[in-house]
Amino acid sequence: MRLSRYPVNTAKETPADAEVISHQLMLRAGLIRRLAAGIYTFLPMGLRAVRKVEKIIREEMDRAGAYEMLMPAVQPAELWQESARWEQYGPELLRFKDRHDREFVIGPTAEEVITDVARRELKSYRQLPVNFYQIQMKFRDEIRPRFGVMRGREFLMKDAYSFHADQESLAEGYAAMKTAYTRMFERMGLTFRAVRADTGSIGGSASEEFQVLADSGEDAIAVSDADDYAANLELAPTPVYDGKRPAATQSLATVPTPATKTIADVSKLLGVDATRCVKTLIVEGSDGGVVAMVIRGDHEMNAVKAQKVAGVASPLRMATAQRVLAGTGTEPGFLGPVGLKCRIVVDHAAAALADFVCGANARDAHLTGVNWGRDLPEPETADLRNVVAGDPSPSGQGKLAIRRGIEVGHIFQLGRKYSEAMQASVLDPAGKPLTPLMGCYGIGVTRVVAAAIEQNHDDKGIIWPDPIAPYTVLLVTLNHDRSEAVRNAADSLYAELGAAGIDVLYDDRDARPGVKFADAELLGIPHCVIIGDRGLAAGQLEYRHRRTGATGELPVNGLLDALRARLA
RNA sequence: CGGGGCGUGGCGCAGUCUGGUAGCGCAUCUGGUUUGGGACCAGAGGGUCGGAGGUUCAAAUCCUCUCGCCCCGACCA
């Protein structure tokens with residue numbers, strides 16, 4: 001493509017409403033434009049990157065034996081009523097009526113449609129297993145769309161659905177998808193982890209997220225430094241209390257701590273490390289009472305884990321100050337497990353403490369030298385906290401580090417939730433109806449593009465990984481309009497590279513070098529070849545690698561071969 | 001939905017407090033000079049100041065209502 005004729009506008013200034021780097025760069029590089037909140041147009045340059053991602057996805061899905069199809073974006077309400085998600089999904093599901101007053105949704109996902117396809121098309125167990133996929137626009141009316149295309153309302157998604165006669169087959173299909181996903185993201189040149197995830201509202205057994213690691217990611221994940229263990233922070237288990245703790249060396253004492261309500265303040269006032277303090281959080285119980293959660297001072301309570309404790313309300317609700325007073329007789333800020341008048345559940349790490357500090361259940365006072373089993377009963381323990389960096393990995397190998405990630409893919413073993421609700425069945429070998437097990441596998445295509453930029457950029461602009469770059473090679477002329485030699489050489493090189501099947505962008509604009517170089521860096525095309533009078537006289541071209549900044553000379557004759565060696 | 005903020009040419013902003021000829025930079029167009037890191041000179045086009053109503057001799061500016069957008073939170077296959 002000749003840049004002089006290419007409909008792309010770059011901007012020096014960062015749009016005011018773009019928060020994250022990928023959003024800023026996509027706007028500045030002329031990849032996308034906002035149409036409404038969370039709804040974006042992909043301009044030609046941006047679409048190129050999307051298509052590259054799609055191509056890799058298609059190749060790997062096809063390799064895994066899946067069949068591409070295309071389902072409607074607009075889906076009738078009846079299907080959603082059948083699966084009961086019409087009621088369950090809430091306002092995130094965009095609903096509307098057609099001219100005949102019939103209700104429809106714009107699909108946020110397609111389990112209902114594919115299950116409808118399956119019950120019509122699949123008749124025999126002999127047709128299983130089978131995996132269908134599509135790449136289609138989805139719409140989710142997010143409460144707060146943000147970060148440009150990374151968390152938009154309308155987005156392009158690859159969704160796949162598999163059908164199986166038994167659990168073993170489902171597990172195989174799931175494993176095949178995991179392999180395919182791993183290949184895809186590797187091919188895209190992204191640094192990612194497959195992360196154990198909460199199955200959430202979708203239900204089902206196994207589930208893993210594919211997270212692109214980036215500091216700006218919305219999800220916190222715990223990764224082992226010694227093996228490939230990775231789990232969503234919400235899910236990573238902490239070590240179970242082993243019944244061992246240091247012997248008590250201090251005696252129980254009440255100390256005055258006026259207006260000292262936070263762990264940080266208590267720790268400072270008493271000169272005791274937060275790791276030897278304990279905080280007591282009061283949550284609503286499922287029986288109308290309250291439950292006390294005791295956590296080490298430096299730890300954070302994990303809502304997902306806490307609400308799984310029997311007798312605790314789910315979803316988790318913190319008790320109000322009045323409820324705390326009514327349920328425990330003490331006000332927040334000075335709560336402690338000693339003599340507390342409600343059920344107490346203690347985190348494993350807090351249970352392992354000796355000589356610790358906690359609230360005295362009296363205004364302006366704390367207890368020091370507290371010991372389980374002596375000053376209060378041995379605790380009921382549970383995993384209540386988030387893992388922290390340095391905790392041992394649940395895999396048994398190494399220690400955990402906390403990283404941030406962008407969820408670009410998610411694979412599920414769904415089970416029979418939809419096939420049962422929508423009565424999809426095939427005949428088994430005995431001629432009896434068999435309800436197939438399902439798996440579903442998603443990839444946020446447009447989000448992958450944003451995540452790739454989030455992970456690959458510098459202060460000058462985008463640094464595309466070769467496989468998903470809109471163009472692979474950028475040809476830049478200097479002194480374009482006045483030097484016939486440059487123009488002729490560039491024109492023929494452009495034709496040569498194009499004929500060789502290389503995606504080449506040709507900056508043939510009559511612009512100053514600074515403008516061209518700045519745009520080259522902003523656009524982030526991986527390989528840049530500069531054609532100027534100076535080098536041309538010596539039969540040389542200048543080469544620059546966007547990622548490494550490495551420069552070098554390439555011969556005019558034999559550019560193609562020299563480039564190919566670098567494209568690898 | 002709760003809290004905070006912002007709507008002024010395509011983009012970034014000033015002007016609003018204290019009412020009085022709509023301005024600056026970038027971008028765009030024309031002509032000229034320039035040409036290896038975002039040039040310079042001269043000129044040009046482009047704005048119902050988000051919208052509606054009100055106060056006033058006069059409203060971007062004050063008042064009321066409304067719409068949109070951004071940030072934080074809750075939420076999130």
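Lettering of chains follows the sequences in order, A, B, ..., and the numbering in each one begins at 1.
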Atom [atom1], compared across [N] and [M]: separation rounded to whole Å:
N	M	atom1	value
B:G23	B:A60	P	13 Å
B:U8	B:U16	C1'	11 Å
B:A58	B:A44	P	33 Å
B:C65	B:C29	C1'	42 Å
B:G51	B:C72	C1'	28 Å
B:C6	B:C49	C1'	14 Å
B:G47	B:G5	P	32 Å
B:G20	B:G10	P	25 Å

Could you tell me which nucleotide pairs with [N] by Watson-Crick or G-U wobble geometry, both distances under 3.5 Å, or answer none if nothing does?
N	answer
B:G20	B:C57
B:G38	none
B:U48	none
B:G73	B:C1
B:C29	B:G43
B:G7	B:C67
B:A14	none

Taking C-beta and beyond as the side chain, do A:Tyr494 and A:Val504 meet within less than 4.5 Å on heavy atoms?
->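 A:Tyr494 reaches A:Val504 side chain to side chain.
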State, with a plain yes or no, whether a side-chain heavy atom of A:Gln75 is found less than 4.5 Å away from one of A:Phe104.
->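 With C-beta onward as the side chain, the pair stays apart.
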Do A:Glu68 and A:Arg58 meet the salt-bridge criterion of a basic N to acidic O distance under 4.0 Å?
-> yes
Cationic N near anionic O, under 4.0 Å, A:Glu218 to A:Arg404 |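 No salt bridge links A:Glu218 with A:Arg404.
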So is A:Arg566 actually on top of A:Tyr543's ring, under 6.0 Å and inside 45° of the axis?
-> yes
Which atom names give the shortest non-hydrogen contact between A:Ala451 and A:Met150, and what distance separates them?
-> N-SD, 4.5 Å
In whole Å, I'd like the distance from the [atom1] atom of [X] to the [atom2] atom of [N].
X	N	atom1	atom2	answer
A:Ile39	B:G68	CD1	C1'	13 Å
A:Glu142	B:C71	CD	P	13 Å
A:Arg153	B:C70	CZ	C1'	14 Å
A:Leu93	B:C75	CG	C1'	15 Å
A:Arg146	B:C71	CZ	C1'	9 Å
A:Met150	B:C71	CE	P	12 Å
A:Arg509	B:G38	CZ	P	14 Å

With [X] via salt bridge (Lys or Arg N to Asp or Glu O under 4.0 Å) - residues at least two apart:
X	result
A:Arg120	A:Asp116
A:Arg2	A:Asp491, A:Asp508
A:Arg447	none

Side chains of [X] and [Y]: is there a donor and an acceptor less than 3.5 Å apart?
X	Y	result
A:Ser162	A:Tyr441	yes
A:Glu103	A:Gln81	no
A:Lys279	A:Thr262	no
A:Glu154	A:Tyr40	no
A:Gln24	A:Thr14	no

Want to settle it: does A:Ile143 or A:Ala37 sit nearer the 5' end of RNA chain B, counting the closest nucleotide to each?
->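 Its nucleotide being nearer the 5' end, the pick is A:Ala37.
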Consider the side chain of A:Glu521, meaning its heavy atoms from C-beta on, and name the nucleotide among B:G37, B:G73, B:C70 that approaches it most closely.
->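 Looking only at heavy atoms from C-beta outward on A:Glu521, the closest nucleotide is B:G37.
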Any base atoms under 4.0 Å from [X], or only sugar-phosphate, or nothing? Heavy atoms, all strands.
X	result
A:Arg28	base
A:Arg34	sugar-phosphate
A:Tyr441	nothing

Which atom pairs link the protein and nucleotides 6-16 of chain B when you take only N or O atoms and keep those under 3.5 Å?
unit_1: B:G12; atom_1: OP1; unit_2: A:Ala16; atom_2: N; d: 3.1

Tell me which residues in residues 444-462 of chain A put a heavy atom below 4.0 Å from RNA chain B, sorted by number, or none.
-> none
Just to confirm, is there a sub-4.0 Å distance from OP1 or OP2 of B:A74 to any side-chain nitrogen or oxygen of A:Arg144?
-> no
Distances under 3.5 Å between protein N/O atoms and the N/O atoms of nucleotides 29-36 of chain B, please, pair by pair.
unit_1: B:U34; atom_1: O2; unit_2: A:Arg512; atom_2: NH1; d: 2.8
unit_1: B:U35; atom_1: N1; unit_2: A:Arg482; atom_2: NH2; d: 3.4
unit_1: B:U35; atom_1: O4; unit_2: A:Arg482; atom_2: NE; d: 3.1
unit_1: B:G36; atom_1: N1; unit_2: A:Glu542; atom_2: OE1; d: 2.9
unit_1: B:G36; atom_1: N2; unit_2: A:Glu542; atom_2: OE1; d: 2.4
unit_1: B:G36; atom_1: N2; unit_2: A:Glu542; atom_2: OE2; d: 3.1
unit_1: B:G36; atom_1: N2; unit_2: A:Arg544; atom_2: NH2; d: 3.4

